[in-house]
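Worksheet: one structure, shown below.
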Amino acid sequence: MSDVVSLLSQIEDTGRDTRGPGYQRPGFSSTERDLREWFLAEAAHRGLDTEIDANGITWAWATPQGANAVVTGSHLDSVPGGGEFDGPLGVASALATFDVLKSSGALDQSTRPFALAVFPEEEGSRFGVACLGSRLLTGAIDADRALGLKDAAGDTFADVARGYGLDPNRIGRDQSRLAGIGSFIELHVEQGVGLINTDQAVAIGSSIIGHGRWHFAFSGQGNHAGTTPMSHRADPVVAASRVIGDIPTLAAATDASAVATVGRTLIHPGGTNVIASSMSFWLDIRHPDDAVVKQVLEAISRRAQDHGADSGVEVTISQESYSPTTHFTADLNSRLTSVLPDAPLLPSGAGHDAGILATHVPSAMLYVRNPTGVSHAPEEACEVDDQRAGVDALVKVLARELGIENALVDGNAAGPMTGGAQ
């Protein structure tokens with residue numbers, strides 16, 4: 001039995017970015033496969049019954065499958081150059097929590113099924129759609145559209161899924177599995193500053209603000225950098241760059257709390273002495289009011305068309321994903337609050353699989369303090385004591401859901417918990 005700290009240490013070198021700090025753990029990659037195999041081995045060591053479903057979600061059952069199951073887990077993939085805890089903290093905490101519940105003997109008294117889950121391609125860093133596994137499970141993305149998604153190398157999700165051992169004909173909404181989930185609780189490192197100046201290591205999620213991704217494609221005329229006069233150019237890089245420069249002003253003018261980000265661009269063909277023929281960027285917009293998200297998008301889209309027309313460049317805008325503002329299940333959050341009365345309620349500007357599931361099954365989130373407030377970057381952090389405090393909180397929450405809180409108090413896990421033996 002290992003605690004959360006030692007579990008995370010087992011994978012701390014998997015997917016390290018060889019070009020600098022941070023991690024490269026793309027979804028449906030060999031690195032994510034290595035991480036999945038690590039989880040499967042840890043689950044098997046604990047005697048859990050494992051499976052990978054039609055959508056690539058990994059399940060580890062502590063009991064026979066059945067109705068009204070309690071499920072916890074997160075993801076193992078990362079954004080490019082991401083931090084150590086975004087995703088893996090929730091998976092390692094799920095394993096450590098199982099250890100506590102099992103060693104106490106309390107888990108044997110539960111009448112509800114219990115499972116750990118690992119969702120693939122949560123970050124959307126490979127195919128451009130965040131929370132792809134949970135979207136497929138719930139039908140939030142059409143299976144045919146998902147299978148046609150392409151990565152940067154031009155490989156379709158259908159082909160990659162086959163290589164991952166999945167059958168494209170079986171990918172899509174799984175109503176029977178959804179119907180069997182009674183509650184889903186995801187633990188995640190906090191991706192902001194909500195807990196930094198408090199004495200609390202753990203918060204309860206209240207909502208996930210609306211957010212979406214859009215692809216802006218600018219098509220111009222490729223030509224020679226030395227022989228083409230400035231007056232004769234249709235340069236997509238110029239048009240797209242002007243739009244990118246205007247985005248902060250446009251977002252702030254629409255609503256002071258709106259955020260809009262361009263974190264990825266692509267220039268074709270990418271030669272130093274070549275006027276590009278096309279340029280794309282991906283826009284991320286977030287705000288608690290879905291109407292404001294729409295207004296920000298409309299303002300940026302109008303500006304893109306204007307700059308495109310001024311530069312003689314064609315502009316095409318397409319939506320890749322959108323998740324409206326989601327409030328976590330009130331009854332479930334009330335139960336979390338009953339066992340974690342000091343934990344504050346925090347909204348999140350970051351998307352999560354729990355947010356996708358929340359419109360289909362009772363779902364909740366726990367956030368563990370991040371002393372830097374930085375996420376999606378190497379500076380993301382989580383102190384050892386807070387990691388263990390997160391497991392303690394998850395133990396209490398899951399024991400409440402499984403109906404074994406009294407057995408846990410009476411068993412050998414009574415008193416302060418540290419996520420398992422060290």
Side-chain angles (χ1 to χ4, degrees), residues 25-28 75 77-82 86-87 119-136 138-154 156-157 160 191 207-218 240 243-244 246-248 250-251 254-255 257-267 278-305 315-326 348-359 375-377:
R25 293 167 166 171
F28 293 100
H75 63 98
D77 63 308
S78 78
V79 297
D86 183 353
F119 291 85
E121 182 68 340
E122 191 270 355
E123 299 291 3
S125 59
R126 181 163 186 179
F127 291 101
V129 176
C131 303
L132 183 58
S134 55
R135 287 182 190 275
L136 287 168
T138 60
I141 185 172
D142 180 75
D144 288 337
R145 183 196 163 206
L147 292 169
L149 294 171
K150 292 184 178 181
D151 63 13
T156 66
F157 175 58
V160 171
Q191 296 179 278
S207 62
I208 294 178
I209 69 173
H211 57 284
R213 297 180 183 183
W214 290 266
H215 177 234
F216 283 63
F218 296 75
V243 178
I244 293 171
D246 289 341
I247 286 174
L250 293 171
T254 304
D255 190 289
S257 59
V259 292
T261 306
V262 173
R264 178 186 172 200
T265 63
L266 180 65
I267 298 174
S278 64
M279 177 171 172
S280 294
F281 66 74
W282 283 260
L283 175 68
D284 182 301
I285 306 174
R286 308 186 187 215
H287 190 275
D289 187 339
D290 297 325
V292 173
V293 174
K294 182 179 179 181
Q295 292 167 9
V296 173
L297 175 64
E298 289 173 346
I300 295 171
S301 298
R302 287 194 299 269
R303 189 63 56 87
Q305 296 294 349
V315 182
T316 304
I317 303 166
S318 57
Q319 179 178 297
E320 291 200 336
S321 65
Y322 188 73
S323 298
T325 293
T326 300
S348 175
H352 301 283
D353 290 306
I356 302 299
L357 292 175
T359 57
S375 189
H376 282 187

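Heavy atoms only: backbone and side chains are in, while hydrogens, waters and symmetry mates are out. Bear in mind the structure is a predicted one, so any value in this text is a computation, not a measurement.
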Checklist entry - Mind checking whether Thr138 and Leu357 have side chains closer than 4.5 Å, heavy atoms only? => result yes
Next on the checklist: For the residue pair Arg264 and Trp282, would you count it as a cation-pi contact if the rule is NZ or CZ under 6.0 angstrom from the ring centre and within 45 degrees of the ring axis?
Outcome noted: yes
Checklist entry - Can you name the nearest heavy-atom pair linking Pro120 to Asp77, along with the distance? => result C-OD1, 4.5 Å
Next on the checklist: With heavy-atom distances below 4.5 Å as the criterion, would you say the side chains of Tyr322 and Leu297 are in contact?
Outcome noted: no
Checklist entry - With distance as the sole test, does Glu121 use its side chain to make a donor-acceptor pair with the main-chain N or O of Arg126 at under 3.5 Å? => result yes
Checklist entry - Between the side chains of Arg286 and Thr261, is a donor N or O closer than 3.5 angstrom to an acceptor N or O? => result no
Item to check | Heavy-atom side-chain contact between Phe216 and Val262 under 4.5 Å | outcome: no
Checklist entry - Which residue, Ile209, Asp255, Val296, forms the side chain to side chain contact (heavy atoms under 4.5 Å, CB included) with His287? => result Asp255
Item to check | Main-chain N/O of Ile356 paired to Arg135 side chain as donor or acceptor, under 3.5 Å | outcome: no
Item to check | His376 and Asp86: side chain donor to acceptor below 3.5 Å | outcome: yes
Checklist entry - Where do Ile317 and Gln305 land on the side chain to side chain contact (heavy atoms under 4.5 Å, CB included) test, with the steps shown first? => result CA-CA 10 Å; Ile317 303 166; Gln305 296 294 349; 4.1 Å; yes
Item to check | Close side-chain approach of Ile244 to Thr265, heavy-atom, < 4.5 Å | outcome: yes
Next on the checklist: Quiz question: by atom type and distance under 3.5 Å, do the side chains of Asp353 and His75 form a donor-acceptor pair?
Outcome noted: no
Item to check | Close side-chain approach of Ile300 to Trp214, heavy-atom, < 4.5 Å | outcome: no
Next on the checklist: Tell me the closest heavy-atom pair linking Met279 and Ala240, and the distance in Å.
Outcome noted: SD-CB, 3.7 Å
Item to check | Nearest-0.5 Å distance that lies between atom OG1 in Thr254 and atom CD in Gln295 | outcome: 6.5 Å
Checklist entry - Which word best sums up how the rings of Phe28 and Phe127 line up, parallel for under 30°, tilted for 30 to 60°, or perpendicular for over 60°? => result perpendicular
Next on the checklist: Is it the case that the side chain of Thr325 and the backbone of Gly210 share a donor-acceptor pair, with hydrogens and angles ignored and the cut-off at 3.5 Å?
Outcome noted: yes
Checklist entry - Does any N or O in the side chain of Ser125 come within less than 3.5 Å of the main-chain N or O of Pro26, such that one atom is a donor and the other an acceptor? => result no
Next on the checklist: Between Asp284 and Gly263 (side chain of the first, backbone of the second, donor and acceptor by atom type, cut-off under 3.5 Å), is there such a pair?
Outcome noted: no
